[in-house]
Structure formats: structure tokens, C-alpha cells
Amino acid sequence: MSSYSQSIPLPAPTSGDTGWFTKSRFGMFIHWGLYALPARHEWVKSRENISTEDYEKYFRHFDPDLYDPALWADLASEAGMKYFVVTTKHHEGFCLWDTKYSEYKAPNTPAGRDLLKPMVEAFRSKGLKVGFYHSLLDWHHPEYTVDNCHPMRINEAYIAADKGRDLKKYVEYLYNQTKELLTGFGKIDILWYDFSIKGNEKFPGKGKDEWQSEKLISIIRQLQPGIIINDRLQIDQDIKTPEQVQPVEWVKVDGKPVVWEACQTLSGSWGYHRDEESWKSVEMLVKMLIDTVSKGGNLLLNVGPTGRGELDYRAIRALKGIGGWMKYNNRSIYGCTQAPDSFKCPADCRFTFNPETNRLYLHVFSWPFKHIHLEGMSSTVDYAQLLNDASEIRLLRKENDLLTLEIPVKKPNVEVPVIELFLR
Ligand code: GLC
């Protein structure tokens with residue numbers, strides 16, 4: 001272990017096993033459900049206030065005939081992802097697995113089978129860890145009361161009928177399904193609940209009291225010791241999960257660093273969205289991954305497969321692009337974290353650091369002309385090379401403790417070049 005390790009933030013241990021998680025750094029999020037058919041955002045039922053009767057057509061037509069989870073697992077693995085998190089059920093309430101507690105499930109659609117089990121098997125056989133996203137919201141369950149996210153929040157008759165609804169019965173359903181998911185699919189590494197709702201003038205919120213989060217957490221921990229639980233039950237557990245933002249620094253709670261994972265989309269929607277056009281470039285995605293690790297976090301990058309059961313061509317292009325970069329540069333990602341504060345990062349660059357190998361990685365976001373100067377480091381670095389081809393980067397040591405890296409005029413042929421610095 002490097003002597004620099006003491007100056008790297010160290011989150012306090014939690015009940016879940018985050019050791020593998022912080023080494024892996026990169027995972028695939030999968031949002032797949034009936035909303036793939038309308039193909040205009042996974043919140044379509046809520047956004048367009050669609051009734052359950054009208055939404056039924058998607059259930060009747062859900063027929064992912066090209067679904068082959070082995071292909072998804074290959075794409076994830078080739079992109080360098082080490083775990084995946086899939087929506088077992090999203091807010092619409094549709095279940096991907098053959099649950100015994102609901103008829104609103106994949107086996108009862110034209111798909112005709114459990115879609116979750118083969119996915120878990122395919123990803124696991126590629127060596128990826130398994131995570132389940134599970135929605136706390138449920139816009140299909142008859143006992144689920146109206147709140148400010150619910151599709152029927154503008155329907156006075158539906159709201160009035162809340163008097164006859166018993167949210168406790170829904171919560172019982174939530175418990176039953178959680179137990180089912182945690183006992184029927186082998187070892188589950190992550191449970192990713194989503195989410196607790198703030199109340200407003202019209203509707204009460206739903207949070208730890210409604211979900212009885214404490215009780216739920218203790219059941220989960222009994223069933224799957226070591227499992228990583230996220231923060232959206234309104235009681236923080238093992239990871240914080242900022243969404244669609246790049247935090248400015250290592251994420252903290254009450255001033256203390258915690259284990260964190262940014263979740264990000266490839267374009268603006270989580271579910272398959274045919275017409276959404278804000279797709280991020282491979283270069284931007286690679287930079288987001290680097291930036292995340294440089295602040296001690298993980299990146300969970302989302303794909304929204306189509307109603308035919310395929311990853312969309314734009315997602316495939318992005319994953320292959322990231323994989324191309326990862327093939328040569330993953331050493332600056334796996335096992336890496338924020339660099340010690342004493343290392344001053346030059347402009348337009350990001351550092352990551354591997355405390356076990358004592359190597360520092362300089363990611364050059366904008367390639368400068370001939371030289372990069374590292375202040376205060378002339379006696380710190382023993383040897384330097386470009387990571388993508390192991391070609392030496394010559395070092396000029398100056399008296400004022402300035403270390404100058406002599407870089408080629410031409411930017412190396414990778415989205416983001418990385419210089420590997422072997423520390424003394
Ligand atoms: C949200 C959204 C959602 C998405 C999730 C991912 O809270 O409701 O659709 O699944 O965040 O973080």
C-alpha cells in the first residue's frame with residue numbers, strides 16, 4: 001500500500017460489502033419495461049396521465065422477439081463494465097420476472113416467459129456482479145395511493161377512491177416481492193430502490209415511515225448479507241446515488257466522504273426513447289467516467305433496450321467506443337480513486353491514483369503543445385509512459401521541483417490520452 005494512502009478520503013465502513021464495488025468503478029444500468037413500446041420516456045404513463053386501462057395496450061403488445069441477454073452481457077463486458085443493475089420493476093409496476101404476487105408480469109405478455117432470470121445468468125456468467133433496481137412507486141397496483149408523481153394525480157374521481165385504498169397492503173406486496181427477488185436469483189450484490197417522494201400541498205409524501213424502511217433493510221440484510229443498498233429508502237445505507245450530475249468533489253454526507261455512484265444516461269431518457277437526440281459522444285462519456293473516478297466515485301451508465309429486446313444502435317456505438325478506450329486505459333480506472341491532495345493537477349487534466357500499485361494517472365482532456373508541467377513533483381515520479389502504448393514519456397527535472405513531461409506533438413489516437421506515472 002502506498003505511503004500516500006493516508007491523504008486519500010476514506011469512507012467509514014457500512015454493513016454492505018463495497019470493497020469489490022469501489023474497485024470496479026463502472027457498471028451498466030438497464031431500464032427495460034413496457035415503456036419501451038411508447039418509446040417516449042419511462043415516465044410516459046405519469047407525464048401523459050395515462051390510465052391503467054389505456055396503458056394496457058403495451059402489456060398486450062410486449063413481444064421482445066430479439067431478446068438475447070448474452071449479447072447485452074457481451075456489450076457490457078467489452079465496454080469494461082463490472083456489474084449491472086436492472087429494473088426488475090419500474091414505476092409503471094410491470095414485473096420482468098415470474099412473480100407469484102402479480103399477474104402484471106412478463107410471462108403474461110406475448111414475451112411469455114421470465115425475462116430476468118436469463119439476464120442474471122448471462123451477466124453472471126460473464127463475471128459481472130448482479131444488481132436489482134426496484135421501484136418503490138407503483139402506478140399499477142390498486143392499493144397504491146395517489147401522490148404528486150402518480151399518473152392519476154389530476155383525476156378527482158381516482159383521487160377520491162384513495163379512501164378505499166390501503167397503502168399498507170401495497171407495502172406488504174413490496175416486501176413479498178423483495179423477498180422473492182432476494183431468494184430466487186442467487187447472490188444479489190446490489191439492491192437499488194427508487195425512490196422516496198416529497199409531499200406537497202395536495203398529496204402527502206412517501207418515505208421511510210410508509211416503506212417502514214428500517215424493517216425492510218433488516219430483512220434484506222438477513223436474506224443477502226453483504227448486499228449493497230442505496231440511499232433512496234430515505235435512510236442512507238451503503239452508497240449515495242447522485243443522478244444525471246457530475247458532483248464537483250467527492251460526495252459527502254455531514255461533511256464526511258461516502259461511497260458514491262453517479263448514474264447517467266446515454267441520452268436524456270432512461271427507458272428507450274426513439275426520438276430523443278441529446279446523445280453524449282464517446283469522448284464525453286469517457287471523460288465522465290474519468291471525472292467520476294478522479295473524485296472517488298463509480299459510474300453507472302444506462303441503456304434502455306427496445307421493445308424488440310435489443311440495445312439501440314446508438315447505445316451499441318457508445319458502448320463499443322468506451323470499450324475501445326477501456327481496452328488500453330482501464331488500468332487508470334479499476335482499483336483507482338482520487339489522488340492525494342498534495343498532487344496538483346495541471347489545467348484540463350484529471351488525476352486518478354491506484355494506492356496498491358502506487359501509480360498516478362494523468363488524463364489529458366485537452367492535449368497541449370509539447371509539455372505538461374507538474375508542480376512540486378520532480379522527486380516524486382520515477383518513470384512515465386503513455387498508457388495506451390507503453391511508450392516512454394521523458395521527464396525533465398527542474399531545480400524548483402517542477403517536473404516537465406515531454407509529450408508528442410500529435411495527440412495519441414485515443415479519446416483521452418493517459419500518462420502513467422510510476423511514483424517513488
Ligand atoms: C429517477 C426516475 C427514474 C430513473 C431513476 C434512475 O428517480 O424516476 O425514471 O429510474 O431515477 O436514477
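As the structure lists them, so they are numbered: ligands from 1, and atoms in each ligand from 1. Being a predicted model, the structure only gives us computed values, none of them experimental.
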Could you list the donor-acceptor pairs under 3.5 angstrom formed between side-chain atoms of residues 193-200 and any protein atom two or more places apart in sequence or on another chain?
residue: Tyr193; atom: OH; partner: Thr178; partner atom: OG1; Å: 2.8
residue: Asp194; atom: OD1; partner: Arg232; partner atom: NH1; Å: 2.9
residue: Asp194; atom: OD2; partner: Tyr133; partner atom: OH; Å: 2.5
residue: Ser196; atom: OG; partner: Trp211; partner atom: NE1; Å: 3.1
residue: Ser196; atom: OG; partner: Arg232; partner atom: O; Å: 2.9
residue: Asn200; atom: OD1; partner: Lys202; partner atom: N; Å: 3.0
residue: Asn200; atom: OD1; partner: Phe203; partner atom: N; Å: 2.7

Can I get a per-line list of side-chain donor-acceptor pairs under 3.5 Å for residues 55-64, giving both atom names and the distance, sequence neighbours left out?
residue: Tyr55; atom: OH; partner: Glu92; partner atom: OE1; Å: 2.5
residue: His61; atom: ND1; partner: Lys57; partner atom: O; Å: 2.8

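Near ligand 1, residues Phe29, His31, Glu42, Trp43, His90, His91, Tyr133, Trp192, Asp194, Phe195, Arg232, Glu243, Cys263, Trp270 each place a heavy atom inside the 4.0 Å sphere around the ligand atoms.
At most 12 non-hydrogen atoms from other residues, nucleotides or ligands lie less than 6.0 angstrom from NZ of Lys327.
Under the 30°/60° scheme for interplanar angles, the aromatic rings of Tyr170 and His141 are found to stand perpendicular.
Ion pair Asp138/Lys169 not flagged as a salt bridge, since none of the NZ, NE, NH1 or NH2 atoms sits closer than 4.0 Å to an Asp/Glu carboxylate oxygen.
Residues passing the side chain to side chain contact (heavy atoms under 4.5 Å, CB included) test with Lys280, sequence neighbours excluded: Thr265, Met284, Leu285, Met288.
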